[in-house]
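Taking it in order: structure first as structure tokens, then the write-up.
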Amino acid sequence: MNPASIMKLMSAKSQFERNHPKFMAFVKAVFSRPPEEGTVLEITVTRPGEEPVTANIKVQQSDLELLEELKELGRQ
């Protein structure tokens, strides 16, 4: 990734953190320790004027392995 793209991404991240400080604090608290097998992650999306839509996953060992591989890619 070139330096200009990295700077643009960092700027967007900073803006997101300013716009949503409670969400960022939540994410930091939840992921202060790694997820473990059996953890349930759930997300609900509520659009204006529509009913909420919810989905969840139960973390499996293969998910944890994928996360580790993605972390390794990020370090390269």
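Only a predicted model underlies this, so the values are computations on that prediction, with no experimental measurement involved.
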Does the side chain of P34 come within less than 4.5 Å of L67's, by heavy atoms?
no
For the CG atom of L9 and the OG atom of S14, what is their distance to the nearest 0.5 Å?
9.5 Å
Who are the salt bridge (charged side-chain N to carboxylate O under 4.0 Å, His left out) partners of R33, not counting sequence neighbours?
E36
With sequence neighbours excluded, what pairs up with E37 under the side chain to side chain donor-acceptor pair (under 3.5 Å) test?
none
Mind checking side-chain contact (heavy atoms from CB on, under 4.5 Å) for P52 and listing every partner two or more places apart, or none if nothing turns up?
T44, T46
Report the residues that fulfil side-chain contact (heavy atoms from CB on, under 4.5 Å) with N19, sequence neighbours left out, ordered by chain and then residue number.
Q15
Interatomic spacing from CD in Q61 to CD in E65 - rounded to 0.5 Å:
4.5 Å
Can you pull the salt bridge (charged side-chain N to carboxylate O under 4.0 Å, His left out) pairs that have at least one residue in residues 4-18, sequence neighbours excluded?
K13-E17
Does atom CG (L70) have a neighbourhood of more than 12 heavy atoms from anything else shown, all under 6.0 Å?
yes
Sorted by chain and number, sequence neighbours left out, side-chain contact (heavy atoms from CB on, under 4.5 Å) with Q60 holds for S62, D63
With sequence neighbours excluded, tell me which residues meet side-chain contact (heavy atoms from CB on, under 4.5 Å) with L41.
T39, I57, V59
Can you pull the salt bridge (charged side-chain N to carboxylate O under 4.0 Å, His left out) pairs that have at least one residue in residues 44-62, sequence neighbours excluded?
none
Hydrophobic cluster (4.5 angstrom, side-chain heavy atoms) - remaining members for F31:
F16, F23, M24, F26, V27, V30
